[in-house]
Amino acid sequence: MTDSKSTGRPNKRLLYRRDLLRFGAGAIAGAGAVALGRSQNLSQAEPQLANSRSFDVEGDRALGARAAAKGILYGAAVRRSNLFEDTAFAARFVQECRMLVPERAMKWQALRPSLDKFDFEGADQLVDFATQHDLKLRGHTLVWHQSLPDWFAEQVTRQNAEQVLVNHIQTVAGHYAGKMHSWDVVNEAIQPKEGKPDGFRNSPWLQLLGQDYVELAFRVAAEADPDAMLLYNDYSLDYDTAEDETKRNAVLRLLERLKSREVPVHALGLQAHLDGQDSRQFNPVQMQRFLREVADLGLKIFVTELDVEDQRLPANIEQRDRIVAAAYEDYLSAVLAEPAVIAVLTWGLSDRYSWLSDYKPRDDGMPVRPLPLDADLQPKLAWNAIARVFDQAAQR
Ligand code: 9MR
């Protein structure tokens, strides 16, 4: 099956070839116009490790194209500055990805300067970039307990919370209606260890509105953007530990309740922030059982924020990259065996820009290496592992 058939869009490869001829292989005409990215010739990209396989990244061999050939969407999270202040990164992004998710730009903190104002400028730039480069868009995220603006705690009360939530979702999902492939409507609502009924996280939203906020958010989002797939998104669903098992069960119960009440939820997002150190705690059979239960509810599944933390892995880069790549391969091959899994997003594309550099730096001061491309934008073993899993995945 060709890319154009599997993604249902016109074949843009000819266009990129034409751009390539016009500008020459190395030329990038500014961050707003990196359309040649996908056919940029990276065949000179030598493997970083002596004993690695060669990296076949050209044109339709990039990750996004390999996934698309199987009816799977591949993309990555990105910050605005990564695309608009780093043209080499932007070109690589367009080359590898078929989908873009703003890492920060659509959070409340970014969109809401005050209770009565919305500022779409930064997020709109990402949306324009995606449109220009034929990337599908995921919105992240309409309801979360983090990244709330400073005014939130003071100005949102039990009296106005419902109106504030509804207004936010109507305005934001409405602003982007028709442009979004999908939205993370509610993010991280479950955290059983906080001891609340049904495993709910003790978030400001729970305190202000009770459990009903989840249902309300999905219903309002569906009205504001009837075309977008609507996701419930969460983390710590991956390992064979008591904590993750409790969380999987609580998430499953939440999804069951929502479905039984005909709430418009369409997919589960598995964040999949993996830890290279914990990969022995991954149990593919158990994971597949969970995914089947989710799929049996009539839901699709996305891997939404995949990366592999290497904070506690050996300093040796070759060894470290192998462990990270193996974690990607073990996880993705198990998860993609479930046909309901239709999208994979990494939380960043290159080690040049990862949240883990700030949040989980290494004690030895060496840069972290959690993503498919290294800091020089060259493919690592992790890239190869992901490519191999896409190549081996069954057609969707
Ligand atoms: O990667 C994101 C980081 O750049 C932000 O500072 C942070 C707060 O907004 O959020 C990070 O992304 C999180 C995502 O939105 C939800 N799941 C966990 C991600 C990593 O913390």
Side-chain angles (χ1 to χ4, degrees), residues 75-86 89 93 97 99-113 119 122-123 125-126 137-153 168-169 172 180 182-191 193-194 201 203-205 214 217 230-239 243-244 247-248 251 267-276 278 301-311 327 331 343-361 367-373 375:
V78 75
R79 297 173 207 159
R80 221 189 50 80
S81 58
N82 305 162
L83 291 181
F84 293 96
E85 292 166 19
D86 184 343
F89 177 83
F93 192 91
C97 296
M99 186 178 238
L100 179 157
V101 54
E103 186 177 334
R104 294 175 178 164
M106 290 188 182
K107 292 173 177 170
W108 281 61
Q109 203 165 39
L111 295 177
R112 304 299 306 274
D119 177 0
Q125 287 174 355
L126 286 177
L137 269 159
R138 276 177 50 62
H140 174 86
T141 171
L142 294 169
V143 188
W144 193 26
H145 62 284
Q146 276 185 34
S147 289
L148 291 168
D150 289 342
W151 53 261
F152 188 94
H168 181 84
I169 297 174
V172 176
M180 288 299 187
S182 46
W183 264 109
D184 288 333
V185 177
V186 177
N187 195 37
E188 303 171 7
I190 297 293
Q191 189 64 311
K193 61 185 171 192
E194 293 188 357
R201 178 188 293 277
S203 82
W205 293 113
V214 174
L230 305 181
L231 276 80
Y232 174 73
N233 192 46
D234 215 329
Y235 65 89
S236 285
L237 300 170
D238 314 297
Y239 290 127
E243 190 178 332
D244 284 15
K247 187 144 173 180
R248 278 191 291 275
V251 166
L268 170 65
L270 305 169
Q271 291 188 9
H273 290 292
L274 306 180
D275 185 342
D278 288 342
I301 299 159
F302 292 34
V303 178
T304 51
E305 305 185 12
L306 180 60
D307 53 16
V308 180
E309 182 190 322
D310 66 345
Q311 185 184 45
Y331 187 81
V344 175
L345 288 294
T346 46
W347 204 240
L349 176 65
S350 149
D351 297 336
R352 192 178 283 191
Y353 306 115
S354 165
W355 70 290
L356 292 165
S357 310
D358 304 322
Y359 286 72
K360 311 248 180 125
V368 297
R369 299 175 65 84
L371 289 166
L373 304 182

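Both ligands and their constituent atoms are indexed starting at 1 by order of listing. Throughout, numbering of the chain's residues begins at 1 and tracks the sequence. All values below were derived from every heavy atom in this structure, side-chain atoms included, with hydrogens, water molecules and symmetry-related copies excluded.
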(request) State which residues pass side-chain contact (heavy atoms from CB on, under 4.5 Å) with Ser182; sequence neighbours excluded, sorted by chain then number. (result) Met99, Arg138, Met229, Leu231, Phe302

Distance dump, ligand 1 polar atoms to protein, N/O, under 3.5 Å:
| unit_1 | atom_1 | unit_2 | atom_2 | d |
| --- | --- | --- | --- | --- |
| ligand 1 | 1 (O) | Glu103 | OE2 | 2.6 |
| ligand 1 | 1 (O) | Trp347 | NE1 | 2.9 |
| ligand 1 | 4 (O) | Glu103 | OE2 | 2.7 |
| ligand 1 | 4 (O) | Arg104 | NE | 2.8 |
| ligand 1 | 4 (O) | Arg104 | NH2 | 3.1 |
| ligand 1 | 6 (O) | Arg104 | NE | 3.4 |
| ligand 1 | 6 (O) | Tyr359 | OH | 2.9 |
| ligand 1 | 9 (O) | Lys107 | NZ | 2.9 |
| ligand 1 | 9 (O) | Ser147 | OG | 2.5 |
| ligand 1 | 10 (O) | Lys107 | NZ | 2.8 |
| ligand 1 | 12 (O) | Lys107 | NZ | 3.4 |
| ligand 1 | 12 (O) | Trp347 | NE1 | 3.3 |
| ligand 1 | 15 (O) | Lys107 | NZ | 2.7 |
| ligand 1 | 15 (O) | His140 | NE2 | 2.6 |
| ligand 1 | 17 (N) | Glu188 | OE2 | 3.0 |
| ligand 1 | 17 (N) | Gln271 | OE1 | 3.1 |
| ligand 1 | 17 (N) | Gln271 | NE2 | 3.4 |
| ligand 1 | 17 (N) | Glu305 | OE1 | 2.7 |
| ligand 1 | 17 (N) | Glu305 | OE2 | 3.4 |

(request) State the CZ-CD distance between Arg79 and Glu85, to the nearest 0.5 angstrom. (result) 11.5 Å

(message) With side chain to side chain donor-acceptor pair (under 3.5 Å) as the test, pick out the partner of Gln271 among Thr304, Asn187, Asp234, Asp238.
(response) Asn187

(message) I need the minimum non-hydrogen distance between Met106 and Met180, along with the two atoms involved.
(response) CE-CE, 3.4 Å

(message) If only side-chain N and O atoms count, and only distance matters, is there a donor-acceptor pair under 3.5 Å linking Asp275 with Tyr239?
(response) no

(message) With no hydrogens and no angle check, just 3.5 Å: does a side-chain donor-acceptor pair link Asn233 and Glu305?
(response) yes

